[in-house]
Participant: 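Below you'll find the structure I mean.
All values derive from a computational prediction rather than experimental measurement. Proteins get letters first, then strands, A, B, ... in listed order; numbering begins at 1 in each.
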2 protein chains.
Amino acid sequence: MVSQSPRASASRARLRAAAAAEFAARGFAGATVDRIASRARVTKAMVYYHFPSKAALYREILRDLFASVAERVAAVREAGGSPQAQLAGFIRAINETALAEPTFPPTWLREIADGGRHVDESVLRQTARVVGTLTEILHDGEAAGVFRPLPPLVVQFGIVGPLLLSAATESLRANLPALPLYKISRESIAAHVERMALAGLAPAAPAGAGLAAPDAEKASRSKSRRSS
Amino acid sequence: MVSQSPRASASRARLRAAAAAEFAARGFAGATVDRIASRARVTKAMVYYHFPSKAALYREILRDLFASVAERVAAVREAGGSPQAQLAGFIRAINETALAEPTFPPTWLREIADGGRHVDESVLRQTARVVGTLTEILHDGEAAGVFRPLPPLVVQFGIVGPLLLSAATESLRANLPALPLYKISRESIAAHVERMALAGLAPAAPAGAGLAAPDAEKASRSKSRRSS
DNA sequence: GTCTATATCGGGATAGAC
DNA sequence: GTCTATCCCGATATAGAC
């Protein structure tokens, strides 16, 4: 949503929003151009006036969605702070993107299930930026001795997985037979993910020592950032 | 796979396997009956001889998939042990299902993204069994004072989310341009999820005390468990 | 149980007027 | 930029012979 192309007519904008919603709800194969047009209150021919094909429209939406996440997490890194604070910010950035763009969680989940079938070079670049930012944060934390060394993707899955499942099932759970079991707040899941991620990254305690406290007194942190 | 219906001809069995693979790879909308028939080395008419419709075939596969998970986690609970050991077993049960049935992770992810569009009563019952088992384990842990009280679904998402993302992207990552960044082992992700889940469930430290250790409960693990 | 047609229709994409 | 009308392929499902 950040870097819009020069063409931004009113109908084109509605078309993008309608397509994002339709693709999120039905997936690429399940979506129909007729419904996209209908949602946008536009005729089907207009879809093909603005976009060359259903696939191209989908890829454009996919790219902007991932670009949106990438920018948010990049902003977190640039804001600086301790590795723990940056990781918490990373988690919040993902969560806020899911709130700001409700079409994002289902779309992301589908792409994963599809094995990235529609991921082209430009989309891949955006996803790489996200993992790249996380990698830098983790590297700082390892260097400072506050994070255990772990493959960035493992940490990424640990953060993104719960958030996506929670966000994607939100409207589903809301419409359920009022099972109180399924009523969970956004805050509780976000807090749990943050707690899990930080605790899971805490360095292994040196076997003999009396429980080193990996906590707050590491405030004196490196200010170095921005390497890409 | 556990509770097979009485009809189990050879072609019917191949059909089920082929359909599971096709649905996992393309989703319900993206799958075609032609390709399912072709995968099973059977004509399309045979599909409609054995199953009333594409949708019915899909629902049957969905039901068996979730039944398979439900039984594995139920077995863990029946095996007993400390709450922590049972939770670790729960995680492993999910992971082992993903290994034994590679079609499962993508299919689950798609159902979530679809908002449970194809989930009927029988499927819902199986998923409820899984959450039910987890709820019991968590309740035991709370009663014993070793788990902090958390909504079961929050914990469920924290466990299942990372495992599904990891499993669903496995073949994708294997076929990537050899980015060493993306080479992560099944063990590392399983270990991380276990560490995160247990650490995230550790009770909050009593405010006044000087850094209680949420690390010492590891001693109470390693008890009896089995895998089906 | 297994096959070869075939009916039928939804949906992506285009033509061409205005 | 926007519309109506249409082309046409592919996909679900069925008919009916063997």
Participant: Quickly, which of A:Leu198, A:Val160, A:Ile159 forms a side chain to side chain contact (heavy atoms under 4.5 Å, CB included) with A:Ile91? Name it, please.
Facilitator: A:Ile159
Participant: Report yes if the side chains of A:Ile184 and A:Arg173 come closer than 4.5 Å at any heavy-atom pair, otherwise no.
Facilitator: yes
Participant: What's the CZ-P distance between B:Phe51 and D:dT12, to the nearest Å?
Facilitator: 15 Å
Participant: Output the distance between atom CG (B:Leu99) and atom CD1 (B:Ile94), rounded to the nearest 0.5 Å.
Facilitator: 12.0 Å
Participant: What is the distance from CZ of A:Arg41 to C1' of D:dG1, rounded to the nearest Å?
Facilitator: 16 Å
Participant: Between A:Glu142 and A:Arg148, is there a salt bridge with N-O shorter than 4.0 Å?
Facilitator: no
Participant: Would you kindly give the OH-to-P distance between B:Tyr49 and D:dA17, to the nearest whole Å?
Facilitator: 18 Å
Participant: Please give, in whole Å, the distance from D:dG1 P to A:Leu15 CG?
Facilitator: 13 Å
Participant: Does a side-chain N or O from B:Thr43 land closer than 4.0 Å to OP1 or OP2 of C:dT2, or not?
Facilitator: no
Participant: A:Arg77 side chain to A:Thr133 main-chain N or O, any donor-acceptor pair under 3.5 Å?
Facilitator: no
Participant: Without swapping roles, check the side chain of B:Asp114 against the backbone of B:Arg117 for a donor-acceptor pair under 3.5 Å.
Facilitator: no
Participant: Using a strict cut-off of less than 4.0 Å between a Lys/Arg side-chain nitrogen and an Asp/Glu carboxylate oxygen, indicate whether B:Arg12 and B:Glu60 qualify as a salt bridge.
Facilitator: yes
Participant: Testing the basics here: between A:Ser11 and A:Val42, what is the closest heavy-atom pair and its distance to 0.1 Å?
Facilitator: CB-CG2, 4.1 Å
Participant: If you assign A:Arg35 and B:Val42 each to the DNA chain C nucleotide with the nearest heavy atom, which residue ends up on the more 5' nucleotide?
Facilitator: B:Val42
Participant: Do the side chain of B:Glu22 and the main chain of B:Ile36 share a donor and acceptor less than 3.5 angstrom apart?
Facilitator: no
Participant: Measure from CZ on B:Phe23 to P on D:dA11 and round the result to the nearest Å.
Facilitator: 13 Å
Participant: Find the distance A:Arg14:CZ to D:dG1:P and express it as a whole number of Å.
Facilitator: 13 Å
Participant: For the helix from C:dG1-D:dC18 to C:dC18-D:dG1, what angle separates the axis at the start from the axis at the finish, each from five pairs, in steps of 10°?
Facilitator: 0°
Participant: Quick one: which protein N/O atoms are closer than 3.5 Å to N/O atoms of nucleotides 12-15 of chain C? Pair and distance per line, please.
Facilitator:
unit_1: C:dG12; atom_1: OP1; unit_2: A:Ala31; atom_2: O; d: 3.2
unit_1: C:dG12; atom_1: OP1; unit_2: A:Val33; atom_2: N; d: 3.4
unit_1: C:dG12; atom_1: OP1; unit_2: A:Lys54; atom_2: NZ; d: 3.2
unit_1: C:dG12; atom_1: OP2; unit_2: A:Val33; atom_2: N; d: 2.8
unit_1: C:dG12; atom_1: N7; unit_2: A:Lys44; atom_2: NZ; d: 3.1
unit_1: C:dA13; atom_1: OP2; unit_2: A:Tyr48; atom_2: OH; d: 2.8
unit_1: C:dA13; atom_1: OP2; unit_2: A:Lys54; atom_2: N; d: 3.0
unit_1: C:dA13; atom_1: N6; unit_2: A:Lys44; atom_2: NZ; d: 3.0

Participant: Please report, rounded to the nearest Å, how far the P atom of D:dT12 is from the CE atom of B:Met46.
Facilitator: 17 Å
